[in-house]
**Q** 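Can you read through this structure? Questions will come right after.
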Amino acid sequence: MRPKDLLAILALLAPALLVSAIHAQSPAIIAVDAAHPGSPIAPTMFGIFFEDINFGADGGLYPELIKNRSFEFDEPLTGWKVILPYDATSGIGLSPGELNIRTDAPLNANNPHYLHVNALAPGYGFYNSGFRGIGVEQGAEYRFSAYVRTTGPKAIRATITDAAGHEIGSGQLSGFDGTWKRYETIIRASATATHAQFNIFLDEKGSVDLDVVSLYPTDTWNHRPNGLRKDLVQLLADMHPGFIRFPGGCIVEGRLLANRYRWKTTVGDITERKTIINRWNDEFDHRPTPDYFQSFGLGFYEYFQLAEDIGAAPLPILNCGMACQFNSSETAKLEEIHEYIQDALDLIEFANGPADTPWGKIRAQMGHPAPFNLKMIGVGNEQWGPRYIDRYKLFNEALKASHPEIKLVVAAGPSPSGAQFDEMWAYWRQSHPDIVDEHYYMSPDWFLQNSNRYDNYDRSGPKIFAGEYAAQSTGAPVSPKNRNNWQTALSEAAFMTGLERNADVVQMASYAPLLAHIDAWQWTPDAIWFDNLRSYGTTDYYVQKIFANNVGTRIVPSTPHAEAGLYTVASIDDRTHELIITAVNASNAARATELHLAGVTPSGSAKVTTLGTNDLAAENSFDHPTNVAPESSTLSVTSSTIPVMLSPNSVTVFRIPMK
Ligand code: AHR
């Protein structure tokens, strides 16, 4: 190389060499002032948003394996089919018969349709294909149950067959007495299958009425008969969420008021819960889901129970008399709002009332005489505009008069800024509700640039609930091309340092949506993906988890907030006597850093949790569920200056024991 060329190259490299020399010489400083702790951090700080979208409830968290078990879908035979072929000439195969939907003398008025099966010869069979297949595991037990009415055939035989048609389990119901009664038996699967089908046969000629046909795993969360899917609840429990918001989301609103979420139809005996269409059924042309309905097997009792199980405060969101403003925007007249308000009042009684009150009694009869300790309710989901304000006023007046102890969560529209947002805030600033719910489905860049969003919010204004957020990898919300990757997750982590640092204003935050079935989703990105048997937390899930697992009880001042890709937050955990420092290095260079601690003399071994990869496109998957997941190590700390190295594109949490 000619010396002239070498000089030219050196000239080009000079700025980079200078920067690395500076980095080598001067580490980044994270300064933490533990001598001046600030505001308490609400125990609700990081929680969960649950909505029945993407088969999140039926087909997901609610592990019923039979789709349309009560024949109440708009097309009442959805999910059910006659077993073919029937070969009349050879007599090989299955016998002829008829499946009819009937409504005379039904099981109950909320469940008006049932299946009338007429076997014209022995061996007539039909099957249910489940929620995009039925997942069963070798050795696991499944409770096959059904309401049966017949004076004909003595038995109903059922089999589970795998995708190749091999039988991998069977059972039989019998002992019928001619009236509607529930019968059950246990079927043990002899093999694992993700796309099995459930077959029912009549081995005698004759007819049978069937309703609420169920195949339900016995191994549910806490082994409850109507319990939830274990692996999914485990992922939620592992987060140690501060709260759980349910049942949504737009599902609260419905596309029309007629299919809004009504909590009262979701409690009590499961046969009495009225199935309705799921609003995500036909929402998106890009992901039509015509077989998406709500059985409400997972209803408000189960949501409260789930909240209790995982130590999360329950946050039910109620319809305020408005259907989704992205759809019909149908609005109940002000004179009709008392019905919606009564639902809210009755919900408080259902959750907290003594067991001798009408709604408290229903809770007690369902198995929970003790109250559920409800402290907050959302009035409407993602509403905006004057019609919302008018309806909120009536809710507020009535609820505060009889239940001042219940905090009300109100909406600020669908976006983090803009006319609807400003209009709502203009009203919230003067009316001062308890908690305002803000939503942001924005680009990763937006999240990186908005970690200081709450630094200047009015400290005497309403508290904030960052109720729905997720970085959209394409930048466009609702794009089916959005991915859950490390870039989205890292940007959310940077943003979340700002949420926690402003814990005096921000009291709750949740990523959305939570769950998605790989074969039946409508919306991406989502925190957790699952199929019929497996599940995994995305990169974004692990960011939620690392923050929720490492939030202290009081904020302490720390710097920098957002400087050259470095974002920090610190807190004290009074329960464990630790100083917790979270550092997000959103740059692709490793950062030599010093933690400078004031007001605390650390000694001993700090716990360090690191999450990240230099590959921003990295994703988790069914085959590599922990490709990007937290890793633990320890660090000996002997002085108030602690040298550390922050990996490129990483989140690192230090839990430092305090004397
Ligand atoms: O999280 C998906 C949807 O996004 C929610 O249902 C709604 O509240 C928001 O628009």
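In each ligand, atom 1 is the first atom listed, and ligand 1 is the first ligand listed. Basis for what follows: all heavy atoms, side chains included, without hydrogens, waters or symmetry-related copies. Keep in mind that what you see is a predicted model, and the values were worked out from it rather than measured.
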**Q** Side-chain donor-acceptor contacts of residues 227-238 below 3.5 Å, not counting sequence neighbours, with atom names and distances?
**A**
from	atom 1	to	atom 2	distance (Å)
Arg229	NE	Asp231	OD1	2.7
Arg229	NE	Asp231	OD2	3.4
Arg229	NH1	Asp531	O	2.9
Arg229	NH2	Asp231	OD2	3.0
Arg229	NH2	Asp531	O	3.1
Arg229	NH2	Arg534	O	3.1
Lys230	NZ	Asp219	OD1	3.0
Lys230	NZ	Asp219	OD2	3.3
Asp231	OD2	Ser535	OG	2.7
Gln234	NE2	Asp238	OD1	2.9

**Q** Which residue owns the protein heavy atom closest to atom 8 (O) of ligand 1, what's the atom, and how far is it?
**A**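 Going atom by atom, the protein heavy atom closest to atom 8 (O) of ligand 1 ends up being Glu468 OE2, 2.6 Å.
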**Q** Can you name the atoms of ligand 1, numbered from 1 with element, that are less than 4.0 Å from a heavy atom of Gly249?
**A**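 The atoms of ligand 1 under 4.0 Å from a heavy atom of Gly249 are 5 (C), 6 (O), 8 (O).
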**Q** If we set the cut-off at 4.0 Å for heavy atoms, which region of Asn381 has an atom near ligand 1: side chain, backbone, both, or neither?
**A**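 It is the side chain that gets close, since no backbone atom is under 4.0 Å.
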**Q** I'd like to know if Asp434 and Lys463 make a salt bridge, using a cut-off of under 4.0 Å between side-chain N and carboxylate O.
**A**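 Answer for the salt bridge query: no.
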**Q** Under 4.0 Å from any heavy atom of Trp523, which atoms of ligand 1 are there?
**A**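 In order of number, 2 (C), 3 (C), 4 (O).
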**Q** Can you check whether Ala512 has an N/O within less than 3.5 Å of an N/O in ligand 1?
**A**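 Looking only at distances, the answer is no, because the N/O contact criterion of under 3.5 Å is not met.
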**Q** Do the side chains of Arg260 and Asp343 get close enough for a salt bridge, i.e. N-O under 4.0 angstrom?
**A**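 No salt bridge links Arg260 with Asp343.
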**Q** Consider ring-ring contact (aromatic ring centres under 6.0 Å, His included). Of Trp263, Tyr261, Tyr301, which one does Phe296 pass it with?
**A**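 Exactly one pass, corresponding to Tyr261.
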**Q** For atom 1 (O) of ligand 1, what's the nearest protein heavy-atom neighbour? Residue, atom name and distance, please.
**A**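 Nearest protein contact, heavy atoms only, for atom 1 (O) of ligand 1 is Tyr441 OH, 2.7 Å.
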**Q** Does any pair with a residue in residues 466-491 pass ring-ring contact (aromatic ring centres under 6.0 Å, His included), and if so which ones, sequence neighbours excluded?
**A**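 Of all non-adjacent pairs touching residues 466-491, none passes ring-ring contact (aromatic ring centres under 6.0 Å, His included).
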**Q** May I ask you to say whether Arg245 pairs ionically with Glu51, meaning some side-chain N is under 4.0 Å from a carboxylate O?
**A**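 No, no charged N to carboxylate O under 4.0 Å.
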**Q** With a 4.0 Å cut-off on heavy atoms, is Trp280 touching ligand 1?
**A**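 Per 4.0 Å heavy-atom rule, Trp280 contacts ligand 1.
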**Q** Is Lys393 paired with Glu397 through a side-chain N to carboxylate O contact shorter than 4.0 Å?
**A**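 Salt bridge flag = no for Lys393 with Glu397.
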**Q** Taking 4.0 Å as the limit for heavy-atom contacts, which would you say applies to Tyr511 with ligand 1: side chain only, backbone only, both, or neither?
**A**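 Tyr511 to ligand 1: no contact under 4.0 Å from either part.
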**Q** With the threshold set at 4.0 Å, does a side-chain nitrogen-carboxylate oxygen contact exist between Arg224 and Asp309?
**A**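 Yes, this pair counts.
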**Q** Going by the atom numbers of ligand 1, which of them fall below 4.0 Å from some non-hydrogen atom of Glu51?
**A**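 It comes down to these atoms of ligand 1: 2 (C), 5 (C), 6 (O).
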**Q** Got the closest protein heavy atom to atom 10 (O) of ligand 1, with its distance?
**A**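 Result for atom 10 (O) of ligand 1: Glu382 OE1, 2.7 Å.
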**Q** Is there a heavy atom in Pro513 that sits closer than 4.0 Å to ligand 1?
**A**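 Right, Pro513 reaches ligand 1.
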